[in-house]
Structure formats: structure tokens, C-alpha cells
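Below is one structure, written out as C-alpha cells, with a few remarks after it.
What you see below is based on every heavy atom in this structure, not just the backbone, and it leaves out hydrogens, waters and symmetry mates. Just follow the structure's listing: the first ligand is 1, and inside any ligand the first atom is 1.
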Amino acid sequence: MYLKELSINGFKSFAKKSELEFSAPITAIVGPNGSGKSNIAESFRFVLGEQSVKSMRGKRGEDLIWGGSEKVSRGNRAGVVVVFDNKSRTFALDFDEVKIERVVHRDGQNEYKLNDSSVRLKDIHELLANANIGSTGHHIISQGEADRILASGPKERREMIEDALGLKVYQLKKQETERKLEKTRENIAQVESLRREASPHLKYLKKQMEKAERSLEVQKELRSRYAEYLKREDVYVAFHTDRLTTSRREPSEGLEVVQKKLSKIKEVLRETESEPATPPDLVSAEEAYRLATKERQSLERELSKVEGQVSFIERRLANPARTEVKADMFVSRAELEEVVLDIESDVDKALGKGGESVLERALNDLLHKLKTFLRREQGEVVDTASADKEELEILWKSLEKADKAVKEALATEGKKRESLEALRLARVADSEKNRDAEREMFSLLNRERELEASIENIDRELRVLERDRTDFKIQLQEAVALLGRGASDYFTLEVINEEGEKIADEAIVSEDRDAQRKRQHELEKLKIRLEELGVGATEDLLKEYNDAKERDEFLARELGDLEASVSNLKELIVDMQSKLQEQFAGGVEKINKEFHTFFTLMFGGGSAGLEKVQLKQRGEGEESLSDDEVEGEEGVELRVALPNKRVKGLEMLSGGERALTSIALIFAMSQVNPPPFIILDETDAALDEANSRRYGDMIEALAKKSQLVLITHNRETMSRAGILYGITMGSDGVSKMLSVKFEEAAEVAK
Ligand code: ATP
């Protein structure tokens, strides 16, 4: 026995608290029409969590609360408590007694309690379903409701049968799984939509990140190339600057020496240049020499003239005949010119020597000469011999004088020539010296040019190096600007070749500059690439990307989990479905057997059975089934054949026959999977006496497996009950309950 007590307070016509105990297998509730018996059956539905107010003959929740009468004011709440014995743990709770309570308030709010603790309706449903007291209430057959199993369609009938078979738990679980599946699919759609929404941004961020990563790679490459370039450049420029500075020293010093020498020589030469082309002493020496020569020549002429005269006179003396001179004797022009020249010479000499005595002597001389000449002209015959001798005397004196004068003149000329020669020699020696100086100057100038050219060459190289150094500094600044301060650490770098061996400085400094220019070109290309790519990943971008990625990965995982759970749930549903089908098929078979037994018992023959039918038959061109729809869902049809009657089918049955058939089916269902209790509200109303007895027999058989609460007007039925409750309703409209004995029961029921 499971059902222990029912307590109704404020529910429908039970304005005051009424309690029923169910200590017998069969409890009958009797009373006149309208006294409130069916309200008791409904109070069972209510407390067991029925949600359909309509099935409790109300429109709103309020209708379930005592509505008041003229004498008793209305209530604000309706509460029903049912107590089960749970020693056999019919309910999955570790208590010997299970107390379920439901209260409804006027505002429609419901409260549920399990053993005095507040619970959810769901908890009540689960608890009851497990104890085979499903919410479809197959164990509570309300007034006139027995027929429902006949009147309902195959699907509803199937549900009632499932409920009776205790498959409700699975159904509930299946439904819950389906709800979960639905929810999971919604979640999937939601997650997919979130991922879709975030996807363009993530893609954008990913691209940015890839760009940033490429930028980092370029930066890395640029850093290493910069380091090599700068290191090489530094070594190269330093080395060659040193080399050139050193190699410039020698020609510079040389140039200095050469220039000093040059300036000295130039000084000397400048001085020489300022001297006149022919120095005055040379000029006067030359003049003196010329005069001496001229003097000597004049004296020589004088001498030779005197000699001529001497020789003439001597010849005349030697040959006197020839001494007669005729008056008409011819005087040659030559003789005349000779006389003139002679006179001229004498005059010159006299003038040259100056002094009156000289002049006087010269004039006497001239006079004499002219007289002599004239005498010859006049052809005067003279004693020539004596004259000649006289003249010869004079001439010899003159000759001696002239000879002496010539000798003296020669000596003077010689002296003059010597001194001129000496001057000339000195001059030659001087110009010789100048030529040497000039030669040296030219050689020094050549040397100067050579040195200047070589210095210029070095300077040119140094200028190139200076440019390289400036370029180097600019490159270094750019490197630091682009790559940060670390870029200036290039000097710690060891330049290595492809084999990873260190390249010596000697190799660096002697390398062809084209190679370094190529490196610079590569640097420029990398810088352009870096500029295109941007600076690289900022922390913000990195964080944003990581967040977005993490979120996407999280969503992807979530999606994976959700998809996995969809397939799990589907599998579970298929599993449950097949379990349900299996159990349903087995259950239907058993019910079928019991139904036939009860039916033949009731009607004394005939046949009855259940038939499974396909609920949906999809034709061609119809929509295909959705994932959730189970193909070939089954319903249940009834097949009955009364004994000795040809007609078949439910429609042909009389009211009583229908009642018997439905009772047979309800009982059959209860036999296969007995619920803890069954409430039958006037299912026996339409039975005649004979059938009432059969009904009574079946009840007793049924009571062996389930506790029965029977609402009845039927004496036969009353007679089978162990406990009888009488319900009455007074003028206050309040249902009252009293325990009655069988003998009183019929009275009460009237
Ligand atoms: P019958 O034998 O004719 O089937 P019954 O004994 O089963 O009758 P019920 O149908 O249970 O009687 O009771 C109906 C009575 O309950 C009516 O008189 C009705 O007015 C009363 N009733 C129903 N709901 C309320 C309510 N909310 N407040 C007060 N009375 C109510």
C-alpha cells in the first residue's frame, strides 16, 4: 500500500481542511450529486502537478480555490497534500514517507513542496514518473473519462498506453534530450553567428599580424645586414683614413722642404733678375777697350803714314831724279784725302789731349804740312834732298814717337782687353751659376708638382672617405631610428663568411667597394619594404589579435563541443526511441493479451485487441523528415468484436458496451504495469447489475496490484471497498467528509 493520506484545504468546494486516509486496498467515496466527490479526484490531479486547469474543470488557476458562498467567505489559497508510504522505495527518495504538497494562490502563483522542502514542478514530475504515476493521469480516470481511451485518436491513445507502461520517464527524458538538442542547435547557431560576425575583424587582425611578422623578419634581416654594413664601413673608413693620413705625411713634409728651397732659389733668382742685362763696369770696360783699340788703330795708321812718308822720302833720296817736281804735277785724289785725313787725325788728337801747347804744336804741324803740300803743288823746284833729309829727320822722330805711341796704345789695349775679358769671364761664371739655380728651381718645381699631385690624389681619396664617413653616420642614425638603439651595437659584430668563418679586417679593407655599394643597395630595398610593411606589431595589436584569436578558438572549441554533444544527443534520442519502441511493442503485446482476457470476461466472449498503426505515411514529393522526427511513428488502434454480434467497430457499441470495453482496456493497462494507485470516478455508472458484479470482480483483482480509490454510486462497487467515505454538502456549499459504514453508505450516496 502506497497511498496513505490526502489532505484538502481550500481546494474547490473543500473550503475547510478535510483529510482522507487510505488504509485499505479499496477506498470508496460516496455522496450525492454535486457534493464534491469529483473534486477529490481532481485534488489528486492537482497535487500531482497537473498543469491543465481545464482537466480540473476550471478556466483559471483561481477556479481551483474555494470561491466562497453566502455563508463562508472565499479563500486565498488552495492547498492539497498527499502522503505516500515509501518503505519499499517506490519513489526515488531515501525517506520512508513521501509528502507532496501543492498550493495555488489567487495571483496564479504555485508552490510545490517535497517533504516540506520547496521544489520545482519538474522535480515532482520526475519523482512521479519514476514511480509510474505519470502526469497524463492514466491512473486517474475522471467522471466520463473512461470513454476517453476509446474516443481519442491513435496518437493520444498511444501516449496513454506509454504512460501506463511507465515509458513516460523515457518520454520525459527523450523530450528533455530533444529540448537539449534544440537548445544546443540554437547555441551552435549563436556561436556560428558570433564567429561569423567576428571573422572579418579577426581576418583583418590576422593580416595585420602577418604583416607585422613579416615586418619583424625584415627588421631582423635589416638589423643583421645593417650590422655587417656598418661594421665593414667603419673598419674600411677608419683603416683607409689612417693609411692615407700616414701616407700623406711624407709628401707633405717633402713638399714643405721643396717649397722652402724653392722660395730661397726664387729669392736668389729674383735678385739676379733685378740686375741690368749688361753691368755698367762691363759697358765701361767694353767702351774703354773700344777706345783703346780705336786709339791703337789711329796710332798705327799714323805710324804707317809716317812710315809711308819715311819710305817715300827715303825712296826719293835714294833716287834724286825723281825728286824734281814739275809745276803741273798731278796730285791724286788719294793724296788729297790722305792729307785731309792726316790733318783730321792731328786735330782730333790735339783736341783730345787738350792743352794749349799741344794745340799750338798741332797747328804748326798742320801749317808745315800744308806748306809742303802747296809747294809740291806749285811745282816749285826745290832742293829736295836737303829738305827731304830735314823732313826725314823730323819724320823719324815722328816715327819713333808714333811707334812708341802705338806700343803704348797696344799695351793699353791689351790691359783694357784683359780687364774686359776678366769681367766677361766673371759674367759668364755668374750666368752659369744662375742656370744651375734655374735648373734646380725647375727640378724643384717638378718635384713640387709631383708632390702636390700625389697629395692631391691622397686628398681626393680622403675626400671620398670623408663622404663615406658622412654617409656612414647618416646610415647609423637611420638604423637607430628604424631599429632602435641596439642598431648601434654593430661594432661587437664579427663579420663572417658563408662558411661561418670570421672575415679578417685585411679582407674587409681590401674589398672592392662595389660589394659594399651592393650591400647599401640591399639595405635601401629592405628599408622600402619595411616602410611598406610598417613598424611591426604594437602591443595593442598583439593583444587585440590574441584576444580575438583566443575568443575565436574558444568559440571553435565550443562549437566542436556543441557539435559533439549534438551527435551524442541524437544518438541518445535514437537510443531512447528504439528503447521506447521496443518497450512499447512489448507492453502493447502484454496489454493486448490482458485486454482480450478482460474483454471476453466482461462480454462472455468475443475478441478485442490493440493494433499498432503508422501515424505518418509520407507520400512522394512530400517534405523529407527533419532530423528530430522519427520515421514511422506509431499510433494505436482498437479492434473489438462482440460475441454473437456481427457488427464490429467502436462506433457500433452501446453506452454500456463502450463503458465495459474502456474499463477492460484501462484494467488491462493497469495490470501490465500497475501504478501505485488508481482513482476511478464513476466508471461503473453505466453498468447493469450483472456487469456491476463482473466490474466488482475485476476491481478486486486489480486491487491486488494497485490501491484503488473509487468514486461511485454503485452499491456493488461500495460493497467491495474496505473503507468508505461519505461526502456531503450543506447549505454553506462546503463539502464535508465523513467515514461511513457500508450499511450507511448507500444512504449517504443518495
Ligand atoms: P456528481 O455525483 O453529480 O458527479 P460530485 O459529488 O462529483 O457530483 P463535484 O462535481 O465534485 O460533485 O462537485 C461539484 C460542486 O463543487 C458544485 O456544487 C460546485 O459548485 C462546487 N465547486 C466547484 N468548484 C468550486 C469552488 N471553486 N468553490 C466552491 N465550490 C465549488
Side-chain angles (χ1 to χ4, degrees), residues 6-20 27-48 50 52-80 82 102-110 137 140-148 655 659 662-663 678-687 692 695 708-718 721 723-740 744-750:
L6 179 77
S7 164
I8 315 175
N9 190 1
F11 184 82
K12 288 204 164 183
S13 55
F14 289 89
K16 289 173 187 146
K17 188 170 176 176
S18 303
E19 286 179 339
L20 288 85
T27 304
I29 296 167
V30 301
N33 291 134
S35 58
K37 301 184 294 298
S38 295
N39 290 344
I40 290 177
E42 277 148 17
S43 76
F44 270 106
R45 283 189 192 279
F46 172 76
V47 76
L48 297 179
E50 176 62 65
S52 158
V53 180
K54 203 175 147 203
S55 74
M56 295 179 279
R57 294 180 299 161
K59 282 180 186 158
R60 295 157 294 160
E62 256 193 330
D63 297 338
L64 303 177
I65 301 168
W66 163 248
S69 65
E70 281 177 14
K71 292 180 180 164
V72 181
S73 60
R74 69 173 197 165
N76 287 323
R77 65 195 288 281
V80 179
V82 64
R102 178 179 177 182
V103 175
V104 66
H105 298 269
R106 283 226 173 256
D107 60 4
Q109 207 190 325
N110 279 277
I140 302 174
I141 311 296
S142 299
Q143 198 172 359
E145 207 198 24
D147 191 53
R148 208 180 84 199
S662 60
I663 290 164
I678 301 172
I679 297 168
L680 298 171
D681 188 354
E682 295 190 39
T683 33
D684 54 4
L687 304 182
S692 294
Y695 179 79
L708 296 179
V709 178
L710 308 171
I711 295 166
T712 186
H713 290 286
N714 193 311
R715 263 185 74 84
E716 185 58 43
T717 307
M718 291 180 209
I723 294 173
L724 281 160
Y725 285 108
I727 310 289
T728 57
M729 187 183 276
S731 56
D732 54 2
V734 175
S735 296
K736 286 184 191 73
M737 198 164 47
L738 52 146
S739 249
V740 290
E744 301 160 341
E747 242 352 86
V748 171
K750 280 180 190 166

> With E19, which residues qualify under salt bridge (Lys or Arg N to Asp or Glu O under 4.0 Å), at least two apart?
Replying inline: K17
> Between N39 and R57, what is the shortest heavy-atom contact and its length?
Replying inline: OD1-NH2, 3.0 Å
>> To check you understand the geometry: which heavy-atom pair defines the closest contact between H713 and N33, and what is its length?
In response: NE2-ND2, 3.5 Å
> Within a strict 4.5 Å, meaning less than it, do heavy atoms of the T712 and M718 side chains meet?
Replying inline: yes
Among all protein heavy atoms, pick the one closest to [atom] and tell me residue, atom and distance.
atom                    : answer
atom 18 (O) of ligand 1 : G34 O, 3.5 Å
atom 4 (O) of ligand 1  : Q143 OE1, 3.0 Å
atom 23 (C) of ligand 1 : N39 ND2, 4.0 Å

>> If you take the nearest heavy atom of each of G67, S38, S13, which one is closest to atom 7 (O) of ligand 1?
In response: S38
>> Heavy atoms only: which of L64, T712, N33 lies closest to atom 1 (P) of ligand 1?
In response: N33
> Within 4.0 Å of atom 20 (O) of ligand 1 (strictly less), any protein heavy atom?
Replying inline: no
> Which value, rounded to the nearest 0.5 Å, describes the distance between I29 atom CD1 and L680 atom CG?
Replying inline: 11.0 Å
>> Just verifying a value: how many Å separate E716 CD and Y695 OH, rounded to the nearest 0.5 Å?
In response: 11.5 Å
Element-labelled atoms of ligand 1 that are located less than 4.0 Å from some non-hydrogen atom of [X]:
X    : result
S35  : 5 (P), 6 (O), 12 (O)
R57  : 9 (P), 10 (O), 11 (O)
H713 : 2 (O)
D63  : 27 (N)
I65  : 27 (N)

> Does G36 come within less than 4.0 angstrom of ligand 1, counting non-hydrogen atoms of the residue?
Replying inline: yes
> Does E682 come within less than 4.0 Å of ligand 1, judged by its heavy atoms?
Replying inline: yes
For residues 723-738, which side-chain donor-acceptor pairs fall under 3.5 Å, sequence neighbours excluded?
from: Y725; atom 1: OH; to: E21; atom 2: N; distance (Å): 2.7
from: Y725; atom 1: OH; to: E21; atom 2: O; distance (Å): 2.8
from: S731; atom 1: OG; to: K71; atom 2: NZ; distance (Å): 2.7
from: D732; atom 1: OD1; to: V734; atom 2: N; distance (Å): 3.1
from: D732; atom 1: OD2; to: K736; atom 2: NZ; distance (Å): 3.3
from: S735; atom 1: OG; to: S13; atom 2: OG; distance (Å): 2.6
from: S735; atom 1: OG; to: S35; atom 2: O; distance (Å): 2.5

>> Can you see whether N9 engages R77 through a side-chain donor-acceptor pair at a distance of less than 3.5 angstrom?
In response: no
> Using a heavy-atom cut-off of under 4.0 Å, does the side chain or the backbone of P32 touch ligand 1, or both, or neither?
Replying inline: backbone
>> Using the side chain to side chain donor-acceptor pair (under 3.5 Å) definition, which of the options E42, E682, R45 pairs with S142?
In response: R45
